[in-house]
Structure formats: structure tokens, C-alpha cells
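Below is one structure, written out as C-alpha cells; the observations come after it.
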2 protein chains.
Amino acid sequence: MNFQKRKQKIFEELDSRGEVDIKKLAAELGIAEITARRDLNQLAADGLLYRTHGGAVKVNPQERPHAFVNKTAQNAEVKDAICRVAAAQIQEGDIIFMDCGSTVFRLCQFIKNKRIKVITNSLPVIYELQDSAVSLNIIGGELDDARQAMHGIIANEHIARYRATKAFLGVDGISLNGLFANSEKEAGITTAFAGNSAYTYLLCDAGKIGRETYLNFGGLDIVDAIITNAGAEVMQDYEERGVKVLRAV
Amino acid sequence: MNFQKRKQKIFEELDSRGEVDIKKLAAELGIAEITARRDLNQLAADGLLYRTHGGAVKVNPQERPHAFVNKTAQNAEVKDAICRVAAAQIQEGDIIFMDCGSTVFRLCQFIKNKRIKVITNSLPVIYELQDSAVSLNIIGGELDDARQAMHGIIANEHIARYRATKAFLGVDGISLNGLFANSEKEAGITTAFAGNSAYTYLLCDAGKIGRETYLNFGGLDIVDAIITNAGAEVMQDYEERGVKVLRAV
DNA sequence: TTGATATTGATTATATTTGAACAAATTACA
DNA sequence: TGTAATTTGTTCAAATATAATCAATATCAA
């Protein structure tokens, strides 16, 4: 019964009953109360639940209707798994770049309760994080209708004014030859985000790994870590190149 | 039955009945009256309810600044009349500044089909004009949650990079002594917009005319024209100062 | 295997929550 | 206005939860 398993159980309990009790939890899972407490504390630190005396309750996800965000994402489960890992990397006080990829967008749900600053050029991200604990900064510039995000010279300049502790970015493809994008605009934004953050995470599902498409806009050295569901043997080459690999189950 | 659970119950009760009674609360939740009292005191300290003798009532549901989602704006007819006049001033090819006032927001519906560029710091405006004929440019910077708009140093700098043919702006008040705003941030944005557009329209209903409030941030010379429903005789003074007045019926 | 690291549990000290009793303040009502 | 009833704040004690420290166990890389 490891942490992942227990975490799952905790959320099952929370979803069905709305609250968990340390004593009961410890008894049901066959663990010590101190362990149950530590689990809940950690999950509370990640903003995934609220701690109470003797247990925890679930956060109320003050749901708002966002008509224009296309929620029917493909591969939602894989992307969510990747985003859970990503969210665990985020600490209170972080300043975070988020770009306009569909994977990165799904990170929103996991960071709503964190006290952090998010700087983004993505309208869906903005609408998703409005009225959350997150403090928002919007990259200005021309709106690209198709991507629902700001791009262009002014956007790049704007990014250059900020320094983030962490960047969470998507790409259209990545291989040992570097990063690939479907447009120069996207490449420019990604480069700007990565260049102005202390640590850069790339979020990409297995389908993106090894994929070379249209524009090769930078080497692997731009990236500090890749969060992916791809197999360990596939990722070994990247690790040998000095890129940290975080595997999402 | 911990504090969080009780808190939930208290708000359920408040929402349905509008008030709670300490005795009943203690009986229903199976807690001592002193505990119920302490709960209510704490929630009152957080401003989540008002304490009364023997219980509590709910706080006035203060208007959420989600005015754009809640489209039932006050004075909608007057504002729409003003905006129709404003929209008539806009030609194809114009580059337009729009700020985050509630009157200016209502201009959106009248310009959706025009082939123009709109530069704005207002999220509601962006939301409303997405997927229209209008080409959008978003002013970046820190998001002010209450106003749902970008403000601050970076926003002002960003505005300074652009030149518009026309600006459509709101204020909190205007008198012969100049323009008035409720915050420095707002004043800064308005000044920046006006300073970088060839022609500046002020949209204000009769209630704003002659109103002096908080911060006087500029003289009448900032403005080229006022669009208003105020009476002709009231507006004569402004015309004599060289401001063009467009009257909305 | 070994050593290093992370996880888990036991023990003890500290902090929080809750309720009871009683004095002070407020309200209700004649 | 004055008196009784009620509500409130304060202090204290008991029960319970939590944090801190240290030891035991598991995991992992070399």
C-alpha cells in the first residue's frame, strides 16, 4: 500500500462521502495514523483537499461555466496523469509560465488552489484560472483566433520582461534533434518562455516523442525536464542527453 | 462533526432560510451552544456572515464583478443608446482602444461585424468579440480580478506601443475640472489610451456628468468628444471648453 | 552486497478543540 | 423605566489531534 494507492483511496472516499477521517482512514488502509496525517498534509499542500482537525474535506471546485473552452480534449486521461505529476512540482510562491498547448491547459484544474503566479498567453487558461487562488498575468499582443492565444513580436517582448521559476510548455514534437513546432509564432513563444524561466518542463504524451514536424526551433538544451507517459526505455536516450525525465503513470 | 462540516451546514441553512439560530443550530448539529457561538463568531470575523443576538444572518450578496457574464447591466437602455452613437463613429479599417468600463463593454454588440482592430485591456470585451469580424489585440499585464482587466506598469507600456485612430473610454466622473477615477490604476490606463489615440471619445451617462470622485487625473483637454444622454444645457459648458458633444437619444 | 535515501511507525510533548460554569452584557416585556 | 430572561464572553479542564524526534524498515543505485 504505497502513497499512490492511498492517495487514490483518499480521493475515492472524498468523492463519495465528502470528507475523510484520519482514524477510519488509518484503520481501513491498515496504516498508522501518523502516515494518514502525513498523506493528507501533503495533498493539502498541493491544494487537492482541505485539512481539518482529524481529517480532511474536499475543496469546493467553485464551478463556473466556460462556454468557449473546448473541454472534449483527446487523450484526457494521459494528459491528466502528466499534469498531476507537473502539479506536484509546483510549490507555493512559484511564478509559472504556461503556454497555449492543450496538455498544459489541463494543468489548470490541478493548480486552482495553489497560491502562485501564473503568466500565460492562453485565453482558455485565463478563463479557467479566473477567480481561483492563482494570481494571473496575461501576455499581451495580437490574438491568434485559432489558438485562442496571444502571439507575435509584442507578446515575445512582454514575456522577456518577466522571470519565472518554472515554465510548463507543450510542443508539437520532440526528438534527439530538438524541439519541433507547427508555426514560427508558436516556436517564438516557446523559446521566449523557456529562456526566461529558471527551470523548463516539457509536457508531452508518448505520441510527441520522436516526432519531427515542420520547424526545428531549438535543441534539447532548452529543456530541463520532460514529463511524459512514454516508456522508460524510449526516454533513456533523453536522460543521457542531460534531460531529466519524469514518468507519469 | 468538525468545524468545516459545521461551516457547510451553517451556510446551507443560511442560504435556504437566510438566518440561523444558535439554539436550533446546536440541537441540530449535536454540539454545545458555546461551540455554535464560536463558529458564528469566527465566520463573522471572516466577513462571511453577520452576527445577530442569538444567531446570524447572511451578508448582502455583494455584486460579483462578473458583470459581463451577468449581462443584466444597470441602465442598459441608456448605455446602449450611447453605444449606438459611438458605433456610428467607427469606420472600416479603424484601430480602436476600448477600456474596461461597463458602458464601453456594451459597445461590443454594435461592432461585431465591422472589419476593425480592437485593442483592449478588458477580458469581457475580449470574450465578447472573440470569433467576430473584429481583429483583437490584448493589452497584457497583471490581471485585476475585480475589474477583470489588465492594469499596471506593463499594461501602460504595452499601450504606449500602439497608436489607435479612436479611443472609446469610460470614467467614474467628469466635471469642468476634468476627469475623475476611483483608482490610480484606472486613471493610468485611461491616460495611456487617450494619449495614444488620434481621437478620444468619452462614453458617459448623465449620472457621471458633474460628478467629482476620488482622483482628478486630467483636464478636459485629454478628451476630444463626449457621448452622453445628458441634457443639452448641461453639456453646453463642455462645448464651450472645446469638447465636442454627441447627444444620445 | 553495501551504503545512502526515503518511507513508515512509535513515543512523547505541544497545540487545538470542545464543553461546563459563571459573571457580564444585552434584550424583551410589563 | 425597571426587572426577568436570554445571550454572550471568560476561564478552566478534559479530550483529542498534531508536531517533533528518533528508530525501524523498505527502496534504490553502485
Side-chain angles (χ1 to χ4, degrees), chain A residues 1-11 13-14 17-59 84-85 87-92 225 231-249, chain B residues 1-11 13-14 17-59:
Chain A
M1 179 62 68
N2 58 18
F3 178 59
Q4 295 299 330
K5 272 273 181 192
R6 297 200 302 268
K7 187 169 156 183
Q8 218 174 320
K9 284 280 180 190
I10 290 168
F11 283 117
E13 182 90 4
L14 269 185
R17 239 174 302 273
E19 65 177 337
V20 293
D21 177 90
I22 295 240
K23 277 194 156 44
K24 271 191 243 168
L25 198 65
E28 278 170 27
L29 302 185
I31 55 176
E33 289 181 23
I34 177 69
T35 304
R37 238 190 317 270
R38 279 197 271 240
D39 285 353
L40 294 186
N41 283 353
Q42 183 169 342
L43 296 175
D46 290 345
L48 300 173
L49 47 75
Y50 287 135
R51 203 53 223 291
T52 65
H53 243 76
V57 295
K58 63 176 164 185
V59 298
R84 271 195 209 96
V85 174
Q89 300 292 312
I90 299 174
Q91 276 98 47
E92 209 142 282
E233 61 290 353
V234 177
M235 299 311 298
Q236 199 169 344
D237 291 340
Y238 294 88
E239 286 195 287
E240 281 165 11
R241 300 291 190 94
V243 180
K244 189 165 170 65
V245 173
L246 301 173
R247 303 228 16 257
V249 284
Chain B
M1 179 61 70
N2 57 26
F3 176 60
Q4 273 73 10
K5 266 280 171 190
R6 297 199 302 268
K7 184 170 155 183
Q8 260 176 9
K9 287 279 179 191
I10 290 167
F11 283 119
E13 183 90 5
L14 270 183
R17 241 174 300 273
E19 62 177 345
V20 292
D21 175 270
I22 294 229
K23 275 195 155 44
K24 270 191 242 168
L25 197 65
E28 278 171 25
L29 301 185
I31 56 176
E33 289 181 24
I34 177 67
T35 304
R37 236 189 325 267
R38 278 196 272 239
D39 286 352
L40 295 186
N41 284 355
Q42 182 168 344
L43 295 174
D46 291 344
L48 300 172
L49 47 74
Y50 288 134
R51 201 57 221 290
T52 63
H53 238 76
V57 295
K58 65 176 162 185
V59 298

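Keep in mind that the numbers below use all heavy atoms, side chains included, and drop hydrogens, waters and symmetry copies. Chain A is the first sequence line, chain B the second, and so forth, proteins listed ahead of strands; every chain is numbered from 1. Computed from a predicted structure; not experimentally measured.
- Residues B:Ala56 and B:Leu40 approach most closely at CB-CD1, 4.1 Å, considering heavy atoms.
- Between A:Ile31 and A:Asp39, the shortest heavy-atom contact is CD1-OD2, 4.4 Å.
- Across C:dT26, C:dT8, D:dG9, the shortest atom-to-atom separation from the side chain of A:Arg6 is found for C:dT8.
- Among the heavy atoms of the strands, none lies under 4.0 Å from A:Asp39.
- Taking atom CG on B:Leu29 and atom P on C:dT18, their separation rounds to 11 Å, with Å as the unit.
- Taking 4.0 angstrom as the limit, B:Lys23 places none of its side-chain polar atoms (N or O) nearer than this to OP1 or OP2 of D:dT6.
- Residue B:Lys5 qualifies as enclosed at atom NZ: its count of foreign heavy atoms under 6.0 Å is above 12.
- Spacing between atom CD1 of A:Ile22 and atom P of D:dA15 amounts to 21 Å, rounded to whole angstrom units.
- When the C1' atom of D:dT18 is taken as reference, atom CG of B:Asn2 falls 15 Å away, rounded to whole Å.
- Contact between B:Gln4 and A:Thr52 at its shortest, heavy atoms only, is OE1-CG2, 3.2 Å.
- The pair B:Lys24-B:Glu28 fails the salt-bridge criterion, with no side-chain N (NZ, NE, NH1 or NH2) lying under 4.0 Å from an Asp/Glu carboxylate O.
- The shortest distance between the side-chain N/O atoms of B:His53 and the OP1/OP2 oxygens of C:dT26 is not below 4.0 Å.
- For B:Asn41 and D:dG9, the shortest distance from a side-chain N or O to OP1 or OP2 is below 4.0 Å.
- Distance A:Ile31 CD1 to D:dA24 P: 22 Å, rounded to the nearest Å.
- A straight line from CG of A:Asp21 to P of D:dT16 spans 12 Å, rounded to a whole angstrom.
- The side chain of A:Thr35 sits closest to C:dT8 out of D:dA17, C:dT8, C:dA20.
- In this structure, the CD atom of A:Gln42 is 16 Å from the P atom of D:dT18, given to the nearest Å.
- A donor and an acceptor atom never sit less than 3.5 Å apart when one is taken from the side chain of B:Arg38 and the other from the base of D:dG9.
- One finds a side-chain N or O of A:Arg51 lying less than 4.0 angstrom from the OP1 or OP2 phosphate oxygen of D:dT18.
- Of the candidate nucleotides D:dG9, D:dA17, C:dT26, D:dA17 has the atom lying nearest to any side-chain atom of A:Arg37.
- For B:Glu33 and C:dA21, the CD to P distance is 13 Å, given to the nearest whole Å.
- Per the geometry, CD1 belonging to A:Ile34 stands 13 Å off C1' belonging to C:dA13, to the nearest Å.
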